[in-house]
Q: 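I have a structure here, written as structure tokens, and I will follow up with some questions on it.
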Amino acid sequence: MSLQLYNTLSGRKELFVPLKEGEVRMYVCGVTVYDSCHIGHARSLLTFDVLWRYLKFLGYHVIFVRNFTDLDDKIIQRAKEEKSRPDLIAARYIREFYRDSAALGLLSPTHEPKATEHIPEIISLIQTLEQKGAAYRIDGDVFFSVDRFPGYGKLSRRRLDELEAGARVEIDERKRSPMDFALWKASKEGEPFWESPWGKGRPGWHIECSAMSTKYLGQPFDIHGGGHDLIFPHHENEIAQSEGAFGLPFARYWIHNGFLNINQEKMSKSLGNIHTIQEILERHEATALRCYFLASHYRSPIDFSEQGLDEAEKSVERIHETIDRVDRSVQSSNGSKLDAGVLEAFRQEMGDDLNTPRALAFIFEEIRSLNRMLDEGRVEGLLPRVLALKRLGEVLGLLQQKPELFLSRKRERWMRSQGLSVEAVEELITRRDKARSAKQWSEADRIRTELQEKGITLEDTPGGTIWKVR
RNA sequence: GGCGGCGUACCCAAGUGGUUAAGGGAGAGGUCUGCAAAACCUCGAUGCAGCGGUUCGAAUCCGCUCGCCGCCUCCA
């Protein structure tokens, strides 16, 4: 089954064919480490985590690079505010990033380069641009000259004259053209700096991605991704730098995830509507957040809501419940094959520009079908389908933990928040069981009601009474 | 001003020319159960912002109108 991906560069879905057969080289813009990551970052991270997992599922060897921007104005600003140092600020938020990343269940990329560790490559790239006449220096600054790159604007579909007409940014009068951007910035007193042919300074924002992507992936490489907001100017500038320097295409497929809004507004510090990943994961399972995002197409904007997250949590719980039910009732035998039809149906949906909502819909159809088989006691042919389903769950990152672990974590969080103890609950259940055996239904129901008021639901199954929260 | 996107049931959300408009959550009825819960079954949009048009046929294409949003500035 083929994979079609929407390429921002062409503005349409294209058949994905990697440059080198069987191998995919992919670069995604990571975060600037000046503050905690929020759920908008989470959406982008999860989008490309799923793309990576899916490419591997298709059998590709994937080299995945995601950078850290560990030096820029915002980090310097933050350091000043805290009377700290930029490198310490960056180190702190990189640590936080790794913690969030683990909590979200992200697979680690092949490489996670930092801008500060690639200064020689950056300097060398700027020198190449200077030699080509695409860059010019003013005092200790070096700028890219957009007029020297005829393709400027091809990614964001803008023309230079339109950009200039609409430019609202305060223009640095020294620049030759208003859209020229900094490749290298002379450092001011007290700012971090590196020695360079242009004096003490530091890289501009865009140049690091050009330097690092090419170092690890070569040029051209297959996929370049990031948030929708990066199309202009960041990715446009990356193209200008890399193609301007080497005269080769830069990245072949440009993939951008849609934005996440809060109450139809962008998340921003000034609006005070930022939800950090950490904050959300205190109240919800990471799997629920993942499922919530997967229920929308990655390019569509999402208007974030906790209600939506609650609904997603219920639906993902159903997947876990079903698989747990299968695990409890069907003898697993080794050597079982994965059901080819299930895998193929999944590829069909995902192959259409990662249509995860449809892939998810298919999974729920399978869930219903499997439950019916179990209800009816028809277990022949069930195992291959369950194994295939588990595989799909892994590719989407939904089934990273065993179902019983998902259920018990949810239970623990509830018990902790309500100040309940497992022993007390199980004691009550034992008493109810005794009452039930004696057919003392009113006493049994009284205990069940008591537990229900504490958010605990009982299920009397043939194998005994099990309990769930909320 | 320029460029782009969106408006589908109570809520979320697929579907971009052709049999009965996915899926999830909520709701109603039923099977099962001591009663429940879970699971399963059934039922929920003669209609896809509105109005015109093209077509044998449109949620899907075209035009207009209304409403909402993003980018053009640091931003996932």
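Here is how names work: the chains are called A, B, and so on, in the same order as the sequence lines, proteins then strands, and each is numbered from 1. All values below come from the heavy atoms of this structure, side chains included, with hydrogens, waters and symmetry mates left out.
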Q: Nearest of B:C74, B:A22, B:C11 to any side-chain atom of A:E311?
A: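 Of B:C74, B:A22, B:C11, B:C11 is nearest to the side chain of A:E311.
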
Q: Answer syn or anti for B:G27, where the cut-off is 90° from 0 on the glycosidic torsion.
A: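 Anti, angle beyond 90° from zero.
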
Q: With distance as the sole test, does A:E236 use its side chain to make a donor-acceptor pair with the main-chain N or O of A:L155 at under 3.5 Å?
A: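 Between the backbone of A:L155 and the side chain of A:E236 there is a qualifying donor-acceptor contact (under 3.5 Å).
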
Q: Taking the C1' atom of each, how far is B:G70 from B:C11, in whole Å?
A: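 Approximately 24 Å lies between the C1' atom of B:G70 and that of B:C11.
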
Q: How many whole angstroms separate atom CZ of A:F259 from atom C1' of B:G70?
A: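 Distance, rounded to whole Å: 9 Å.
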
Q: Counting side-chain heavy atoms from C-beta on, which of B:A14, B:A76, B:C71 comes nearest to A:R158?
A: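 So the nucleotide nearest the side chain must be B:C71.
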
Q: Kindly determine whether A:Y216 and A:H118 satisfy ring-ring contact (aromatic ring centres under 6.0 Å, His included), including the steps that lead there.
A: CA-CA 11 Å; A:Y216 294 97; A:H118 295 78; 5.6 Å; yes

Q: Please work out whether the ring planes of A:F250 and A:W254 are parallel, tilted or perpendicular, with thresholds of 30° and 60°.
A: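 Ring orientation, 0 to 90° scale: tilted.
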
Q: Specify the separation, in whole Å, of atom CZ of A:R12 and atom P of B:U16.
A: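 It is 17 Å, rounded to the nearest whole Å.
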
Q: Looking at every non-hydrogen atom in both residues, tell me the closest pair between A:N257 and A:G227 and how far apart they are.
A: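 So the minimum-distance heavy-atom pair works out to OD1-CA, 3.2 Å.
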
Q: Say you pick atom C1' in B:C61 and the same atom in B:G17; how far apart are they, in whole Å?
A: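 Here B:C61 and B:G17 have their C1' atoms 8 Å from each other.
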
Q: Of the nucleotides B:C74, B:A76, B:G24, which one has an atom closest to the side chain of A:T32?
A: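 So the side chain of A:T32 is nearest to B:A76.
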
Q: Whether A:R158 engages the ring of A:F232 as a cation-pi pair (distance to the six-membered ring centre under 6.0 angstrom, angle to the ring normal within 45°) should be assessed.
A: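 Relative to the ring axis of A:F232, which defines the angle, A:R158 lies inside both limits.
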
Q: Side chain of A:A361 only, heavy atoms from C-beta on: which candidate in B:C71, B:G23, B:C74 is closest?
A: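 Of all the options, the side chain of A:A361 is nearest to B:G23.
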
Q: With a 4.0 Å cut-off on heavy atoms, is A:N371 in touch with a base, just the backbone sugar-phosphate, or nothing at all?
A: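 If one applies the 4.0 Å heavy-atom cut-off, A:N371 turns out to touch the sugar-phosphate alone, with no base involved.
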
Q: Distance check needed: B:A14 P versus A:Y6 OH, whole Å only.
A: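 Distance, rounded to whole Å: 16 Å.
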
Q: Are OP1 or OP2 of B:A14 and a side-chain N or O of A:S300 less than 4.0 angstrom apart?
A: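 True: A:S300 side-chain N/O within range (under 4.0 Å) of B:A14 OP1/OP2.
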
Q: Quote, to the nearest angstrom, the C1' distance that separates B:U60 from B:A21.
A: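 Approximately 11 Å lies between the C1' atom of B:U60 and that of B:A21.
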
Q: Between A:S408 (side chain) and A:L405 (backbone), is there a donor-acceptor pair under 3.5 Å?
A: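 Such a contact is found between A:S408 side chain and A:L405 backbone.
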
Q: Rounded to whole angstroms, how far apart are OH on A:Y298 and C1' on B:G5?
A: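 Spelled out: OH on A:Y298 to C1' on B:G5 is 15 Å.
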
Q: Name the closest nucleotide to the A:K314 side chain, picking from B:C40, B:A76, B:A26.
A: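 Of all the options, the side chain of A:K314 is nearest to B:A26.
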
Q: How many whole angstroms separate atom CZ of A:R299 from atom C1' of B:A14?
A: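 From A:R299 CZ to B:A14 C1': 13 Å.
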
Q: Quick one: which of B:C71, B:A76, B:G24 gets closest to the side chain of A:F232?
A: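 Nearest to the side chain of A:F232 among the choices is B:C71.
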
Q: All N/O contacts under 3.5 Å from nucleotides 34-38 of chain B to the protein, with atom names and distances to one decimal?
A:
unit_1	atom_1	unit_2	atom_2	d
B:G34	O6	A:R436	NE	3.2
B:G34	N1	A:D445	OD1	3.1
B:G34	N2	A:D445	OD1	3.4
B:G34	N2	A:D445	OD2	2.6
B:C35	O2	A:R448	NH1	3.3
B:C35	O2	A:R448	NH2	2.3
B:C35	N3	A:R448	NH1	2.9
B:C35	N4	A:D460	OD2	3.2
B:A36	N6	A:D460	O	3.3
B:A36	N1	A:D460	N	2.9
B:A36	N3	A:R448	NH1	3.3
B:A38	O4'	A:E459	OE2	3.3

Q: Supply the atom-to-atom distance A:T116 OG1 to A:I75 CD1, rounded to the nearest 0.5 angstrom.
A: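 Answer for the OG1-CD1 pair, A:T116 versus A:I75, is 9.0 Å.
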
Q: When the C1' atoms of B:C10 and B:G4 are considered, how many whole Å apart are they?
A: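 To the nearest whole Å, 31 Å.
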
Q: What is the separation between atom CD on A:E366 and atom C1' on B:A39, rounded to the nearest whole Å?
A: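 Distance, rounded to whole Å: 16 Å.
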
Q: Give a yes or no answer on whether the side chain of A:R53 reaches the backbone of A:E394 with a donor-acceptor pair at less than 3.5 Å.
A: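 Flag set: sc A:R53 to bb A:E394 pair under 3.5 Å.
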
Q: Step by step, work out the side chain to side chain contact (heavy atoms under 4.5 Å, CB included) result for A:L451 and A:W467.
A: CA-CA 10 Å; A:L451 286 168; A:W467 57 283; over 6 Å; no

Q: Check every strand shown and say whether A:I466 touches a base, only sugar-phosphate, or nothing at a heavy-atom separation below 4.0 Å.
A: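 Contact class for A:I466: none.
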
Q: Which residue lies toward the 5' end of RNA chain B, A:E376 or A:S315, if each is placed at its nearest nucleotide?
A: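 Nearest nucleotide further toward 5': that of A:S315.
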
Q: Please state how far atom CG in A:D229 lies from atom P in B:G70, giving the value in whole angstrom units.
A: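 Roughly 12 Å, once rounded to whole Å.
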
Q: When you get a sec, tell me which of B:G15, B:A39, B:G24 is the closest nucleotide to the side chain of A:F364?
A: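 The closest nucleotide is B:G24.
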
Q: I'd like the P distance from B:G47 over to B:A38, given in whole Å.
A: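 Those two atoms are separated by 34 Å.
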
Q: In plain terms, say whether A:R378 and A:E376 are close enough for a salt bridge, that is, a side-chain N and a carboxylate O under 4.0 Å apart.
A: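 Looking at A:E376 together with A:R378, the answer is yes, because their closest N to O distance falls below 4.0 Å.
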
Q: Heavy atoms under 4.0 Å, any strand shown: does A:G40 hit a base, just sugar-phosphate, or nothing?
A: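 Base, at least one base atom sits under 4.0 Å.
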
Q: Distance between the P atoms of B:C71 and B:C62, in whole angstroms?
A: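 Comparing P positions in B:C71 and B:C62 gives a spacing of 26 Å.
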
Q: Provide the closest heavy-atom pair for A:R43 versus A:F259 in the form atom of the first, atom of the second, distance.
A: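 Heavy atoms of A:R43 and A:F259 come nearest at NH1-O, 3.1 Å.
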
Q: With respect to the side chain of A:N355, which nucleotide from B:G24, B:C69, B:A14 is positioned closest?
A: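 Nearest to the side-chain atoms of A:N355, counting from C-beta on, is B:A14.
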
Q: I need the NE2-P distance between A:H297 and B:C6, as an integer number of Å.
A: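 Atom-to-atom, A:H297 to B:C6, this comes out as 11 Å.
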
Q: Can you work out whether A:H38 or A:K266 has the more 5'-proximal nearest nucleotide on RNA chain B?
A: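 With A:H38 and A:K266 compared, the 5'-side residue is A:K266.
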
Q: Using atom C1' of each nucleotide, how far apart are B:G27 and B:G44 to the nearest Å?
A: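 Between the two C1' atoms, the distance is 9 Å.
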
Q: Using the C1' atom as the point on both nucleotides, what is the distance between B:A26 and B:G7, in whole Å?
A: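 It comes out at 22 Å once rounded to the nearest Å.
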
Q: Output the single nucleotide from B:C71, B:A14, B:A22 whose closest atom is nearest the side chain of A:E365.
A: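 That would be B:A22.
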
Q: What stems involve RNA chain B, if each pair must be Watson-Crick or G-U and both of its distances must be under 3.5 Å, with 3 or more such pairs in a row?
A: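 Stem list for RNA chain B: B:1-7 with B:66-72, B:10-12 with B:23-25, B:27-31 with B:39-43, B:49-53 with B:61-65.
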
Q: Classify the angle between the aromatic ring planes of A:F68 and A:Y98 as parallel (below 30°), tilted (30 to 60°) or perpendicular (above 60°).
A: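 It falls in the perpendicular class, over 60°.
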
